[in-house]
Colleague: 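Below: one structure in structure tokens.
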Amino acid sequence: MTKQIHPPAAIGIIGGGQLGMMVVREAQRMGYRSVVWDPDPDCPASRLADETITASFGDREAAGRLASAADVVTYEFENVDPEIVEWLEESKIVFPGSAILRIAQHRRSEKDRLQKRGFPTVTFQAVESRQELRSAIESIGLPVVVKSATAGYDGKGQTVLRTQEEAEALLGRTKEPLTECVVEQFIDLESELSVVAVRGKDGAVTSFPVCENVHRENILHTTTVPTHVAPAIQNKAIEIGRSIVESFNIVGVLCTEMFVTKEGNL
Ligand SMILES: Nc1ncnc2c1ncn2[C@@H]1O[C@H](COP(=O)(O)OP(=O)(O)OP(=O)(O)O)[C@@H](O)[C@H]1O
Ligand SMILES: [Mg+2]
């Protein structure tokens with residue numbers, strides 16, 4: 001049954017970074033209260049939230065406190081513990097659920113699932129040993145970017161290999177057992193876009209205008225809305241972002257990052 005959550009109900013947010021802070025700000029504007037859970041007592045969202053829970057993201061007791069303080073729970077990014085989200089799901093409504101979180105946390109499974117459903121991804125291979133790493137670099141061809149399969153944000157846990165010497169140096173310092181990585185073709189990017197799409201319990205899908213992102217040293221530097229990217233590319237980006245939330249039956253908000261190649265492909 002659909003339970004409507006009206007102000008002044010409390011929205012619980014796992015993660016109190018800038019994204020969490022923007023959710024809090026919007027929640028306040030709409031008359032909702034907010035409870036933020038973050039390990040850092042001075043996280044950006046804590047300055048605005050009605051209540052802050054300071055504890056590591058794996059802390060069950062903190063999850064219990066969030067569950068009792070909030071009427072509905074969400075998370076600001078994918079680097080939260082899926083077991084905690086799954087546990088919260090037993091007593092609380094959590095959007096998006098833990099199933100899509102598990103997929104989005106793992107760069108191989110994320111790309112595998114997207115490919116299987118016909119969504120475009122960069123050419124990539126998952127590797128679990130030095131030998132697999134070597135053959136993936138050879139078959140994809142330089143330049144490539146090697147990324148840890150899990151964890152990492154703002155380009156952390158990524159290495160770009162442009163020359164054979166760089167590839168040999170990485171292979172030389174790679175120790176077995178290798179934690180799972182993905183090797184991706186390094187694309188000569190024209191631009192980077194993201195689409196925030198939202199799907200309701202009733203299956204209705206909506207999306208925000210396309211954002212154009214510029215990274216500096218792998219960290220998001222500026223996001224521009226509206227973007228001057230060609231309307232046909234923007235429409236395609238929106239179609240992809242919306243189709244992903246539909247295809248995975250997501251209820252909640254999902255941001256899809258996309259690369260635009262020099263040829264105008266997404
Ligand atoms: N295959 C690639 N070709 C060209 N540039 C890339 C490639 N992969 C990553 N980059 C650059 O590095 C940035 C960070 O990479 P990516 O978005 O994959 O990782 P992240 O932001 O650390 O993690 P997340 O998976 O959460 O987005 C990209 O925004 C892009 O600028
Ligand atoms: Mg990214």
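Counting starts at 1 for both ligands and their atoms, in listed order.
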Colleague: Does atom CD of Glu217 have more than 12 heavy-atom neighbours, drawn from other residues, nucleotides or ligands, at distances under 6.0 Å?
Modeller: no
Colleague: Is there side-chain contact between Thr179 and Thr150, with heavy atoms separated by less than 4.5 Å?
Modeller: no
Colleague: Is any side-chain heavy atom of Ser194 less than 4.5 Å from a side-chain heavy atom of Cys211?
Modeller: yes
Colleague: Answer yes when Glu184 and Lys147 have at least one side-chain N-carboxylate O distance shorter than 4.0 Å, and no when they do not.
Modeller: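 The answer is yes: the pair qualifies as a salt bridge.
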Colleague: Measuring from non-hydrogen atoms of Phe77 to any atom of ligand 1, is the shortest distance under 4.0 Å?
Modeller: no
Colleague: Nearest to atom 10 (N) of ligand 1, what protein heavy atom do you find, and at what distance?
Modeller: Phe259 CZ, 3.9 Å
Colleague: How is the N/O/S atom of Glu257 that comes nearest to the Mg ion (ligand 2) named?
Modeller: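 Atom name of the closest N, O or S in Glu257: OE1.
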Colleague: Any nitrogen or oxygen of Ile187 lying under 3.5 Å from a nitrogen or oxygen in ligand 1? Just yes or no.
Modeller: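 Yes, at least one N or O pair falls under 3.5 Å.
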Colleague: Run the numbers for me: atoms of ligand 1, each under 4.0 Å from some heavy atom of Val145, listed by number.
Modeller: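 Going through ligand 1 atom by atom, the ones under 4.0 Å from Val145 are 1 (N), 2 (C), 7 (C), 8 (N).
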Colleague: Do Ser129 and Gln131 have side-chain atoms, one donor and one acceptor, less than 3.5 Å apart?
Modeller: no
Colleague: Taking it one step at a time, do Gln125 and Ser139 satisfy side-chain hydrogen bond (donor to acceptor under 3.5 Å, both in side chains)?
Modeller: CA-CA 9 Å; Gln125 277 183 33; Ser139 70; 2.8 Å; yes
Colleague: Within a strict 4.5 Å, meaning less than it, do heavy atoms of the Leu193 and Ile233 side chains meet?
Modeller: yes
Colleague: Could you tell me whether Arg107 and Glu180 have a side-chain N and a carboxylate O separated by less than 4.0 Å?
Modeller: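 Judged by the 4.0 Å cut-off on N to carboxylate O distance, Arg107 and Glu180 do not form a salt bridge.
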Colleague: Examine the proximity of ligand 1 to Leu189 and report which part, side chain or backbone, both or neither, has a heavy atom under 4.0 Å away.
Modeller: side chain
Colleague: Starting from atom 22 (O) of ligand 1, locate the nearest protein heavy atom and write down its residue, its atom name and how far away it is, to 0.1 Å.
Modeller: Gly155 N, 2.7 Å
Colleague: Hey, looking at atom 14 (C) of ligand 1, which of Glu217, Gln158, Lys147 has the closest heavy atom?
Modeller: Gln158
Colleague: Which of the atoms of ligand 1 are close to Glu257, meaning less than 4.0 Å from one of its heavy atoms?
Modeller: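 By the 4.0 Å cutoff, the relevant atoms are 17 (O), 27 (O).
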Colleague: Look at atom 21 (O) of ligand 1 and say which protein heavy atom is nearest, naming residue and atom and giving the distance to 0.1 Å.
Modeller: Asp154 N, 3.9 Å
Colleague: Tell me the protein heavy atom at minimum distance from atom 26 (O) of ligand 1, and give that distance in Å.
Modeller: Glu78 OE2, 2.8 Å
Colleague: Could you check whether any side-chain heavy atom of Tyr75 comes within less than 4.5 Å of a side-chain heavy atom of Leu101, counting everything from C-beta outward?
Modeller: yes
Colleague: Return the closest protein heavy atom for atom 29 (O) of ligand 1 as residue, atom name and distance.
Modeller: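 Checked against all protein heavy atoms, atom 29 (O) of ligand 1 sits closest to Glu192 OE1, 2.6 Å.
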Colleague: Polar contacts were defined as any N/O atom of the residue lying under 3.5 Å from an N/O atom of the ligand; does this apply to Gln185 and ligand 1?
Modeller: yes
Colleague: Are any of the side-chain heavy atoms of Thr222 and Asn213 separated by less than 4.5 Å?
Modeller: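 Counting from C-beta outward, Thr222 and Asn213 never come under 4.5 Å.
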Colleague: Decide whether the shortest distance between a heavy atom of Arg107 and an atom of ligand 1 is less than 4.0 Å.
Modeller: yes
Colleague: For atom 5 (N) of ligand 1, what is the closest protein heavy atom, and at what distance to 0.1 Å?
Modeller: Phe186 CE1, 3.5 Å
Colleague: Who's the nearest protein heavy-atom neighbour of atom 13 (C) of ligand 1, and how far?
Modeller: Asn218 OD1, 3.7 Å
